[in-house]
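Here's the structure, in structure tokens; my notes come after.
Every chain is numbered from 1 and lettered A, B, ... according to where its sequence line falls, protein lines coming before strand lines.
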Number of protein chains: 4
Amino acid sequence: MKQKTKRHTDPALAQARREQVLAAAADCFRRKGYHGAGMAEISKTAGMSAGHIYNYFTNKEAIIESIIERDMEEMFSIFQEFEDMPGDLVTILLDGLDHAVERHTDIDQGALNLEMLAEAARNNKVASLLHATDVLARERMRQLLVGERGPLKDIADDELTGRIDVMFAMIGGLLLRKMLNPDLDQQAVLKALRPTMKTLLLPFA
Amino acid sequence: MKQKTKRHTDPALAQARREQVLAAAADCFRRKGYHGAGMAEISKTAGMSAGHIYNYFTNKEAIIESIIERDMEEMFSIFQEFEDMPGDLVTILLDGLDHAVERHTDIDQGALNLEMLAEAARNNKVASLLHATDVLARERMRQLLVGERGPLKDIADDELTGRIDVMFAMIGGLLLRKMLNPDLDQQAVLKALRPTMKTLLLPFA
Amino acid sequence: MKQKTKRHTDPALAQARREQVLAAAADCFRRKGYHGAGMAEISKTAGMSAGHIYNYFTNKEAIIESIIERDMEEMFSIFQEFEDMPGDLVTILLDGLDHAVERHTDIDQGALNLEMLAEAARNNKVASLLHATDVLARERMRQLLVGERGPLKDIADDELTGRIDVMFAMIGGLLLRKMLNPDLDQQAVLKALRPTMKTLLLPFA
Amino acid sequence: MKQKTKRHTDPALAQARREQVLAAAADCFRRKGYHGAGMAEISKTAGMSAGHIYNYFTNKEAIIESIIERDMEEMFSIFQEFEDMPGDLVTILLDGLDHAVERHTDIDQGALNLEMLAEAARNNKVASLLHATDVLARERMRQLLVGERGPLKDIADDELTGRIDVMFAMIGGLLLRKMLNPDLDQQAVLKALRPTMKTLLLPFA
DNA sequence: GATGAATGAGAGTTCATTCAT
DNA sequence: GATGAATGAACTCTCATTCAT
């Protein structure tokens, strides 16, 4: 429901317009929040009239939904990268922490993510999308960890579940840290993060 | 700006009224979010007229600001408890995880906290309050860890900084986990969380 | 659903405000039509802010519904008058034609009635109200005609049905006549109308 | 104003296009009403782009005006039929009632007619067209009734005027009846309608 | 001739805030 | 102190109309 089914004669143009809107909306949501940003402001940022946006999105909600879906796809590509990398998985994941910290301490993206989470608390569609995304992310992670190359092939299922949630909490929590502590020292965080993640990636003693 | 400077003839009554409003507002924000809850609903929940609220708070923003201040005080009392407990600090902190998980997976409180964080991205007053609270919380934690009974008396300053941020990220991140995965298994999380926190509380090998 | 259930401290004031709005809206609908008249215009005509109207009516639709209900009540009082009058019913009804013509050639009321009928074609709630009103009106008329004093006690049921519909068509149709022929001569109409109605009120030869 | 004065290179094609639009618009207005039907829907129904319609009609109003003109012509052809029929005029007119009832209880056409009448209350052009049509219709009827074969050659002029208005009210009113009472029994109506119309077509006793 | 992308004014509605009582 | 009637600006969304192609 997040994209108008309306046919456009020039699909490339339509896609370009859609992306214009998504970029503008993401920007506005970051700065003003979902409710704080009006369609007027979004349209001005997107460089098109407010009315025209409705040729590409059924309503404001559909815009944030599309943004979420876009993010979802991006997340999958990250998992794919991990899966495609050769070598020891623990090493790969620990090395990946640098990027993860980078990504989760981008204050603009963080603000946007918070908006989406806050919106999820009162908008079922948004909540469903986020839940679905999370289910898939956990599943991908699980398969990574118990797969052929996985370091946790032998642990109990619910222990694995707990570990994954704690990993995600830790990484996702960085976003909150950056909001609450803008001076967050990434290098210091990484130094503490690596041994901690290692604990989670290997069987407990 | 969060409290009217207006003089009230009966300061005790005024204080009671303020707390009535704060409790009602927190309740409404939890259920509907900051933007979703209207002054009408808050006033009904508080058992007083909408207009009357403005005798105690200059506007809606001032209400959420006051709620944050109240929460801040609550957090300090938790640190105080840790400090007052006798025995081994690592044990105390690890035992405290049960309560921490409990507190951070309360979905209503989580929704409210997310609202406040999201609001911080665009409301300077809210941001300042949260930042100040966080500075104090980190400081309390630091003193706990490097204090007389502390397990990390000997590590470098910036390493300690990193560890604290990761601990806070991990605990705070649980809030996000619960929002994204409402079926979160608290016991499984605790089982993974304890060894992980222990890694952070003791010098790395 | 046409009246807000919201409690008002001063019901008399509330009622007065409601009537202010209804009068203003009826006026605007007459002049501009239901769709042509905006809430802004109605509120200006009513002498209150647009927002305030929503304290008394849930939405614009509820306003036209209330107008219809008001008209419905007026219609019943007219039937009541007929029923309360002593004397020969045929004479009473024929004498009532003067008022009927008067009422149905009021061009403002006519315009408003047409709006309501046109709106009924696309608004189910309005249609239901009008249908319900019409059912009741036909029933009242039927009881008048077959009642103790009625002139058509002995005719078949479906003949009676047909007669009532033709009577109502004839009277209601005057409204259309006045719209199409503003110079309509009321006296001339009455001269033709009386014998015609008499034909309908007495058994056919 | 109802037709663009713009010159078209192929007038026949232009005329065809105009009729395409009129047919589509009439269809849409019937189903959704004048205000309920958008130019987008009309253009889709007409099988041409919205913009192109503006090459044939200055605006939406011009479309309904043209529809009225078309209907006007249709009405005249009905009178012509009566005039061309041989035999007793009273019989012809009474026999014509079947068709009249049929035509005036078509609920879609009725909705369209109501739209036009309602529109007349606020659109002078529409009002003028309808008035002019009505003048002509009354004149045709008058000539039928007082003509060579007419049954009312000897009655006073204003009595005739009144009778015609009542006849038209009765027939036109059926449209209202059908809107208010969709279950209207056509046969029962006809049984009551014939004697009533006969009363109007013959000198009063 | 024909398209439909694009506009922008204006629609109905909500809600934080004010103020007379 | 307390009320809630009243305001009005801002919101999302629609749609007749224009115009570059």
Shortest non-hydrogen separation from B:S66 to B:F57 and the atoms involved | OG-CE2, 3.6 Å
Grab the NZ-C1' distance between A:K60 and F:dA10 for me, whole Å please.
-> 11 Å
Which listed nucleotide (E:dG12, F:dG1, F:dA6) is nearest to the side chain of C:L13?
-> F:dA6
For C:Y56 and F:dA6, is the shortest distance between a side-chain N/O and OP1 or OP2 below 4.0 Å?
-> yes
Is the distance from OP1 or OP2 of F:dT14 to the nearest side-chain N or O of A:Y54 less than 4.0 Å?
-> no
Taking only side-chain nitrogens and oxygens of A:T9, does any of them come within less than 4.0 Å of OP1 or OP2 of E:dA5?
-> yes
Approximate separation, where rounding is to 0.5 Å, of A:Q20 CD and A:S43 OG | 11.5 Å
Map A:N59 and B:I53 onto DNA chain F by nearest heavy atom, then report which one ends up closer to the 5' terminus.
-> B:I53
Is a donor on one side and an acceptor on the other found under 3.5 Å between the side chain of C:Y34 and the backbone of C:E61?
-> yes
Say whether C:Q15 and C:H8, considering side chains only, have a donor N or O and an acceptor N or O under 3.5 Å apart.
-> no
Is there a donor-acceptor pair under 3.5 Å between the side chain of C:H131 and the backbone N or O of D:M179?
-> yes
Work out which heavy atom in A:R30 is nearest to a heavy atom in A:A111; give both atom names and the distance.
-> O-CB, 4.0 Å
Whole-Å distance between F:dA16 P and D:I64 CD1?
-> 13 Å
Using the closest heavy atom to pick a nucleotide of DNA chain E for each, name whichever of A:A50 or C:G51 lands nearer the 5' end.
-> A:A50
Verify, without hydrogens or angle tests, whether B:K32 (side chain) and B:G38 (backbone) share a donor-acceptor contact under 3.5 angstrom.
-> no
Residues touching DNA chain F, which here means a heavy atom under 4.0 Å, drawn from residues 30-44 of chain D | D:A37, D:G38, D:M39
Which atom of C:V126 lies closest to which atom of C:M116, heavy atoms considered | CG1-O, 3.6 Å
Could you check how far CZ of D:F57 sits from C1' of F:dT18, rounded to whole Å?
-> 18 Å
Heavy atoms of A:T9 and A:P11 approach each other most closely as O-CD, 3.3 Å
Could you provide the dot-bracket string of DNA chain F, using ( ) for intrastrand pairs, [ ] for crossing pairs and | for bases paired to another strand, with Watson-Crick or G-U pairs below 3.5 Å?
-> .||||||||||||||||||||
For DNA chain F, whose closest nucleotide is more 5', that of A:E61 or that of B:M48?
-> B:M48
A:H8 side chain near E:dA5 phosphate (N/O to OP1/OP2, under 4.0 Å) = yes
B:H52, nearest nucleotide to its side chain (from E:dT7, E:dA6, F:dA2) | F:dA2
May I have the distance from A:N55 (atom CG) to E:dT3 (atom P), rounded to whole angstrom?
-> 17 Å
Position toward the 5' end of DNA chain E (nearest nucleotide), A:S49 or D:G47 = D:G47
